[in-house]
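Accompanying notes for the structure given below.
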Amino acid sequence: MATFPIQKLSQKETPYYYYDTCLLDETLDTINAEAKKHEGYCVHYAVKANANKKILKRIAQKGLGADCVSGNEVKAALEAGFPPEKIVYAGVAKKDNEILLGIDNGIFCFNCESVEELIVIQQLAAQRGKKARVAFRINPNVGAHTHANITTGLAENKFGIPMEDMEKVIMLSRDMPNIEFIGLHFHIGSQILEMDDFKALALRVNELQDRLEKQGITVQNINVGGGLGIDYNDPDAHPVPDFASYFETYTANMKQREGQKVHFELGRSVVGQMGSLITTTIYVKKGTHKEFCIVDAGMTDLIRPALYDAHHEIQNISNPEGVKKVYDVVGPICESSDVFAKAYAMSETKRGDLIAIRSAGAYGEIMASQYNCRNLPAGYTEEDF
């Protein structure tokens, strides 16, 4: 079981996020070491997972690129020190000012998701007298064994260009003087733990590249997105995801062309395990058939359990070795869905105990809201104590 500096943590007002930057550094070092074993592999961090400024700067310093899905994410990446030539920008609804931001800063490329978007990028790049690099996001119609709300690669999803339109959009781009076609982009979903899902994508990429090469079209860059999951059930047993198997799956199954770069957009697997939501037990309430551990964090601070029925390990860090009792762990929000866990066994808790909700470094702080006029949770590292 992970240990927490309880005396230091009790100095801050809860709820807040606590980030273990030693684990983050270990994760980043592992990513870099494993990626370097494969020729032409480039890793971009998916900013949407966690855009805490201190975390972004640390990731930039380790040499990763940035994967952005909004203009403000592009700004955040630039401010954190990510080089423009390592920034990729995806998203189905890029506004004109967001596209101009990317063009003006010379980002590596736009992951373009429709013909309509391509036309607008051409117009805006022409206004600036510049060329915009684009990679087309192709919907590979590959399913992933994950929650339905976080699959992105099926034909029914809103993302990407249908496979049957791939050649048409590439040919269209070649007639645009301010567009440079540099690659293909894919992403099939998130929190994927079965390597066969990534193998299926690799094989689909092979099919599409073979098809293009028969028409004399070569691709400089293949971007396979991200999606690698983490162990939410036992974060202490697997604090660093299996990046070795992840990268090797693509090397073993995808026919990388000579000189071709392969790009990855990892988010959750980079930051998920380093973050915990620290909250305080406000009341232990005895119901008719159960006991409630009522904490001061709610779905406004960590929405994943309410949104995805997601599981997070929960620890009473004030009494880590205590006798186990079963609670419904709930928050203060005026919604019945404001529940972190039902019938959950953890060390006996009392009013004032500090509780850590684990594996919350990804899609935690970044998705927080001010519903019920609540304050947004702060995010702290060891340096803040």
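We number each residue from 1, following the sequence as shown.
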Handout entry: Pairs involving residues 237-248, ordered by first then second residue, that meet side chain to side chain donor-acceptor pair (under 3.5 Å) (sequence neighbours left out)
Key = Asp231-His238, Asp242-Ser245

Please answer whether the main-chain N or O of [Y] pairs with a side-chain N or O of [X] as donor and acceptor at a distance below 3.5 Å.
X      : Y      : result
Lys325 : Tyr344 : no
Asp165 : Lys168 : no
Asp353 : Thr281 : no
Gln215 : Leu212 : no
Asn105 : Ile107 : no
Asn111 : Val88  : no

Fill in the blank from the handout: Tightest non-hydrogen contact, residues Ile366 and Ala51, listed as CD1-CB, 3.7 Å

Handout entry: Other ILVMFWY residues reachable from Tyr16 by side-chain steps of under 4.5 Å
Key = Phe4, Ile6, Leu9, Tyr18, Ile278, Ile317, Leu354, Tyr380, Phe385

Problem - ILVMFWY clustering at 4.5 Å (side-chain atoms), partners of Leu203 - result: none

[X] side chain to [Y] side chain, donor-acceptor N/O pair below 3.5 angstrom:
X      : Y      : value
Gln256 : Glu39  : no
Thr279 : Asp296 : yes
Arg257 : Thr218 : no
Tyr363 : Ser190 : no
Arg58  : Tyr19  : no
Glu265 : Asn223 : yes
Tyr371 : Glu335 : yes

Exercise for the section: Check Phe264, Phe186, Phe243 against Tyr250 for a ring pair (Phe, Tyr, Trp, His ring centres under 6.0 Å) and give me the one that passes. Expected result: Phe264

So, for [X] and [Y], is the gap between ring centers shorter than 6.0 Å?
X      : Y      : value
Phe82  : Tyr45  : no
His263 : Phe108 : yes
Phe292 : Tyr327 : no
His312 : Phe340 : no

State plainly whether the residues [X] and [Y] are in salt-bridge range, i.e. N to O under 4.0 Å.
X      : Y      : value
Asp67  : Lys48  : no
Arg137 : Glu113 : yes
Lys37  : Glu34  : yes
Glu117 : Lys94  : yes
Asp236 : Arg358 : yes
Lys342 : Asp328 : no

Exercise for the section: Tell me, please, which residues at least two apart from Thr27 pass side chain to side chain donor-acceptor pair (under 3.5 Å). Expected result: none

Handout entry: salt bridge (charged side-chain N to carboxylate O under 4.0 Å, His left out) partners of Lys54, counting only residues at least two apart
Key = Asp384

Handout entry: Test salt bridge (charged side-chain N to carboxylate O under 4.0 Å, His left out) applied to Glu207 - qualifying residues, sequence neighbours left out
Key = Arg204

